Visitor: 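Quick one: structure below, then a few questions.
In what follows, chains carry the letters A, B, and so on, assigned in the order in which the sequence lines appear, proteins first and then strands, with residues in each chain numbered from 1. A quick note: this is a predicted structure, and the numbers were derived from the prediction, not measured.
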Amino acid sequence: QKEVEQNSGPLSVPEGAIASLNCTYSDRGSQSFFWYRQYSGKSPELIMSIYSNGDKEDGRFTAQLNKASQYVSLLIRDSQPSDSATYLCAVRGDYKLSFGAGTTVTVRA
Amino acid sequence: ETGVTQTPRHLVMGMTNKKSLKCEQHLGHNAMYWYKQSAKKPLELMFVYNFKEQTENNSVPSRFSPECPNSSHLFLHLHTLQPEDSALYLCASSQVAMSSYNEQFFGPGTRLTVL
């Protein structure tokens with residue numbers, strides 16, 4: 001079983017719509033969760049971190065965490081063409097950060 | 001310079017060459033990491049250094065040799081690589097390695113091609 005799994009995508013959404021990205025993880029003891037955005041040919045950029053159950057909002061981004069279900073999600077509201085990128089879910093276990101394979105989002109104008 | 005910098009940004013080498021990748025962080029962090037990113041695969045952690053001490057070697061072949069002379073600098077020495085080692089090599093840093101709440105920040109990466 002993969003440590004971190006993301007919906008495979010690619011995900012295509014119209015401009016202005018909500019993009020919903022999902023991530024599940026296998027280590028029940030995981031304590032911290034991160035979303036990175038990676039543009040093509042660039043390195044990952046941290047956009048959200050979440051440590052407690054519930055929602056965390058930052059601008060157009062909302063991260064949701066449910067530790068009981070071992071599930072974390074990222075919502076992008078009012079999607080813009082500049083949001084077109086691959087989004088990586090990362091989960092912190094004992095000593096290391098484990099990454100999912102990423103979900104590629106394309107926002108069409 | 002700000003954040004995490006890496007040089008060179010692109011590297012093409014033959015299987016018999018020896019080269020080194022350099023990473024420098026300007027964030028005052030104490031932990032540094034090497035990751036490998038291959039196409040269509042998740043980021044793979046290679047090495048972790050915490051306060052200059054190596055704390056993790058994720059079963060990386062010996063043709064990759066890390067060096068961390070201080071908390072701000074990290075090197076990856078490469079020798080007798082294979083074509084399957086072609087990938088994007090990313091350096092990252094965080095405040096310390098063992099805290100669950102540390103955010104990691106990445107450098108721009110080195111795109112390595114092994115011929």
Visitor: Tell me whether B/Leu90 shares a hydrophobic cluster with B/Leu76, the cluster being built from Ile, Leu, Val, Met, Phe, Trp, Tyr side chains joined at under 4.5 Å.
Guide: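 Result: no, two separate clusters.
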
Visitor: Could you name the residues of residues 59-67 of chain A that have a heavy atom within less than 4.5 Å of a heavy atom in chain B?
Guide: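 Listed by number: none.
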
Visitor: Considering only heavy atoms, which portion of B/Leu43 lies under 4.5 Å from any heavy atom of chain A: side chain, backbone, both, or neither?
Guide: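 Both parts, backbone and side chain.
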
Visitor: Does any backbone or side-chain atom of A/Tyr36 lie under 4.5 Å from a heavy atom of chain B? Answer side chain, backbone, both or neither.
Guide: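 For A/Tyr36, the side chain is the part near chain B, not the backbone.
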
Visitor: If Ile, Leu, Val, Met, Phe, Trp and Tyr residues are connected whenever their side-chain heavy atoms lie under 4.5 Å apart, and connections chain through other members, are A/Tyr51 and A/Leu46 in the same group?
Guide: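 Yes; tracing contacts between hydrophobic side chains, which count when under 4.5 Å, links both residues.
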
Visitor: Between CD of A/Gln38 and CG of B/Leu88, what distance do you get to the nearest 0.5 Å?
Guide: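 One gets 7.0 Å once the value is rounded to the nearest 0.5 Å.
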
Visitor: Got more than 12 heavy atoms from elsewhere within 6.0 Å of NZ, A/Lys56?
Guide: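 Yes, because the 6.0 Å sphere around NZ of A/Lys56 holds more than 12 heavy atoms from other groups.
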
Visitor: Please examine the side chains of A/Val4 and B/Pro42, heavy atoms only from C-beta on, and report whether any two atoms are closer than 4.5 Å.
Guide: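 Not touching, per the 4.5 Å side-chain cut-off.
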
Visitor: Under 4.5 Å, heavy atom to heavy atom, which residues of residues 11-19 of chain A contact chain B?
Guide: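 From residues 11-19 of chain A, none sit under 4.5 Å of chain B.
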
Visitor: Tell me whether A/Tyr87 is reachable from A/Leu75 by hopping between hydrophobic residues (I, L, V, M, F, W, Y) whose side-chain heavy atoms are closer than 4.5 Å.
Guide: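 Cluster IDs for A/Leu75 and A/Tyr87 differ.
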
Visitor: Transitively linked via ILVMFWY side-chain contacts under 4.5 Å: B/Val4 with B/Leu45?
Guide: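 Same cluster.
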
Visitor: Checking heavy atoms, do the side chain of A/Leu97, its backbone, both or neither come under 4.5 Å from chain B?
Guide: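 For A/Leu97, backbone and side chain are both near chain B.
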
Visitor: Examine B/Trp34 and B/Phe75 and state if one hydrophobic cluster contains both, with Ile, Leu, Val, Met, Phe, Trp and Tyr joined whenever side-chain heavy atoms are less than 4.5 Å apart.
Guide: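 No, it is not one cluster - the side chains of B/Trp34 and B/Phe75 are not joined through contacts under 4.5 Å.
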
Visitor: Taking only residues two or more places apart in sequence or in another chain, which ones pass ring-ring contact (aromatic ring centres under 6.0 Å, His included) with B/Tyr89?
Guide: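 Counting only residues at least two positions away or on another chain, B/Tyr89 forms a ring-ring contact (aromatic ring centres under 6.0 Å, His included) with B/Phe64.
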
Visitor: May I have the list of side-chain donor-acceptor pairs in residues 103-115 of chain B shorter than 3.5 Å, sequence neighbours left out?
Guide:
{"residue": "B/Glu103", "atom": "OE2", "partner": "A/Ser49", "partner atom": "OG", "Å": "2.8"}
{"residue": "B/Gln104", "atom": "OE1", "partner": "B/Tyr35", "partner atom": "OH", "Å": "2.7"}
{"residue": "B/Thr110", "atom": "OG1", "partner": "B/Pro8", "partner atom": "O", "Å": "2.5"}

Visitor: Using 0.5 Å steps for rounding, measure from the NZ atom of A/Lys96 to the CG atom of B/Asn58.
Guide: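 If we round to the nearest 0.5 Å, A/Lys96:NZ and B/Asn58:CG are 4.5 Å apart.
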
